[in-house]
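The structure appears below as structure tokens.
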Protein chains: 2
Amino acid sequence: MRDDPSMISQKAKYALRALLALADLDAVSISAAELAERERIPRKFLEQILADLKRDGLVQSRRGAAGGYALLKPADTITFGHVLRLIDGPIAPLPCLSRIAYRPCEDCEDEATCRVRKVFALVANSARAVLDQTTLADAIAHPGRPLGLPQDIFGTA
Amino acid sequence: MRDDPSMISQKAKYALRALLALADLDAVSISAAELAERERIPRKFLEQILADLKRDGLVQSRRGAAGGYALLKPADTITFGHVLRLIDGPIAPLPCLSRIAYRPCEDCEDEATCRVRKVFALVANSARAVLDQTTLADAIAHPGRPLGLPQDIFGTA
DNA sequence: TCATATCCTAGTGGACTACTAGGATATATG
DNA sequence: CATATATCCTAGTAGTCCACTAGGATATGA
């Protein structure tokens, strides 16, 4: 038995927490050191993560004294799915179910009739439904709102 | 970026394929060697997998010439979730969301208000909804039937 | 007896995670 | 200008895990 396969990486968790913290700030910037302390993230590791986020355009930075990081896009345009794919790679239980990094299963005879694939396609769709429709803003907002999910979770296949 | 985090293990895929093949047989038994060839699974690896399945009571075996393996439980009582947990461990994107192996996130201040947790709870619930309600029989049956999903996918939280 | 099975334990190469380390470069302030 | 404070960039590393392979002990039917 594996430890936990479906688990997201620590790095992705840090990235999401950092982005949420930046969204909390709203307009002001914060240094990596301060952010690291506030969110209990190893500082040097956080720097690498912020570099990834910057490379993707989610975050902007300023160097030197009084420098720091700030969100570059509105919090309601950044989805959990986007961040997760950026840091952790494809969201797909099988390579043959990935949209951004499709690869056939090497030992699979016929993809169209694969019964394992058919079931995990449902899993993938439902996970994506949540991740691609939930934004940082959703996660922050009003505790009253129940983080709702919309229609058509399982696609049309 | 990771290769693919949400991916199930090759071992779990083999286990599911093996069980489906056993369910196809229906009543008759088959040797590991034959099953391995049919499903393109490394023979020795498959033996280990079958041992796991046997230990869990899903499969029975007979030794010696004319020995082999057979399903021990009806195919409509074996869920994908059960097999996945058996082979791959907990189905939870965060340790604090696992039901069978709960552990708090070490760097998490307050679980109740954790915004990352809140979102991934939805992911976990929707994945479990599929996996715990889909049986081997469902995966085998009639191509007409669309592998439907029932109500209340997101729990009551 | 002998071929054919399952059963059981070890071990291994390669990949990946979660960091740490060290310093180069840029910027505000005195 | 000097200095403190930041970001930026590249390497490296201990530990863990996956996906097997290897080798043989044990049981069973012919």
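A quick note: this is a predicted structure, and the numbers were derived from the prediction, not measured. In what follows, chains carry the letters A, B, and so on, assigned in the order in which the sequence lines appear, proteins first and then strands, with residues in each chain numbered from 1.
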Checking only heavy atoms, does the side chain of B/Gln48 share a donor-acceptor pair with the base of C/dT6 at less than 3.5 Å?
no

Would you indicate what A/Lys13 reaches in the nucleic acid, counting non-hydrogen atoms under 4.0 angstrom: base, sugar-phosphate, or nothing?
nothing

Looking only at heavy atoms, what is the nearest atom pair of A/Leu46 and A/Ala32, with distance?
CD2-O, 3.4 Å

Rounding to an integer number of Å, can you tell me how far B/Asp88 CG sits from D/dC18 C1'?
10 Å

By nearest atom, which of the nucleotides C/dT6, D/dT7, C/dC19 is closest to the B/Ser31 side chain?
C/dT6

Just how far, in rounded Å, is C1' of C/dT4 from CD1 of B/Ile30?
15 Å

Less than 4.0 angstrom between a side-chain N/O of B/Ser61 and OP1 or OP2 of C/dC7, yes or no?
yes

Can you give the donor-acceptor pairs under 3.5 Å from side chains of residues 65-82 of chain A to other protein atoms, not counting sequence neighbours?
residue : atom : partner : partner atom : Å
A/Thr77 : OG1  : A/Pro74 : O            : 2.7
A/Thr79 : OG1  : A/His82 : N            : 3.0
A/His82 : NE2  : A/Asp56 : OD2          : 2.6

Proximal nucleotide (of C/dA18, D/dC20, D/dT7) relative to the A/Gln10 side chain:
C/dA18

OP1, OP2 of D/dC8 versus side-chain N and O of A/Lys54: anything below 4.0 Å?
yes

Euclidean distance, atom CZ of residue B/Phe45 to atom P of C/dT9 [Å, nearest integer]:
17 Å

Tell me whether the OP1 or OP2 atom of D/dC20 has a side-chain N or O from B/Tyr14 closer than 4.0 Å.
yes

Could you state the atom-to-atom distance from CD1 of B/Ile41 to P of D/dA19 in whole Å?
13 Å

Check ion pair A/Lys13-A/Asp88 (N to O, under 4.0 angstrom)
no

Can you tell me how far C1' of C/dA18 sits from CG of A/Leu46, to the nearest Å?
14 Å

Taking atom P of C/dC19 as reference, at what distance in whole Å does atom CZ of A/Arg40 sit?
14 Å

Nearest atoms (heavy-atom pairs only) where B/Val119 meets A/Val130:
O-CG1, 4.1 Å

Salt-bridge test for A/Arg85 and A/Asp132: reply yes if a basic N is under 4.0 Å from a carboxylate O, no otherwise.
yes

To the nearest Å, give me how far apart CD1 (A/Ile49) and P (D/dC9) are.
16 Å

Would you name the heavy atoms of B/Asp107 and A/Arg40 that are closest together and state the gap between them?
O-NH1, 3.7 Å

Can you see which heavy atom on A/Ala21 is nearest to which on B/Arg115, and at what distance?
N-NH2, 4.4 Å

Tell me, for nucleotides 24-30 of chain D in 5' to 3' order, what letter each nucleotide earns: B for a base near a protein heavy atom under 4.0 Å, S for only sugar-phosphate near one, - for neither?
B-BBBS-

Round to the nearest Å and state the distance from B/Asp107 atom CG to C/dA18 atom C1'.
12 Å

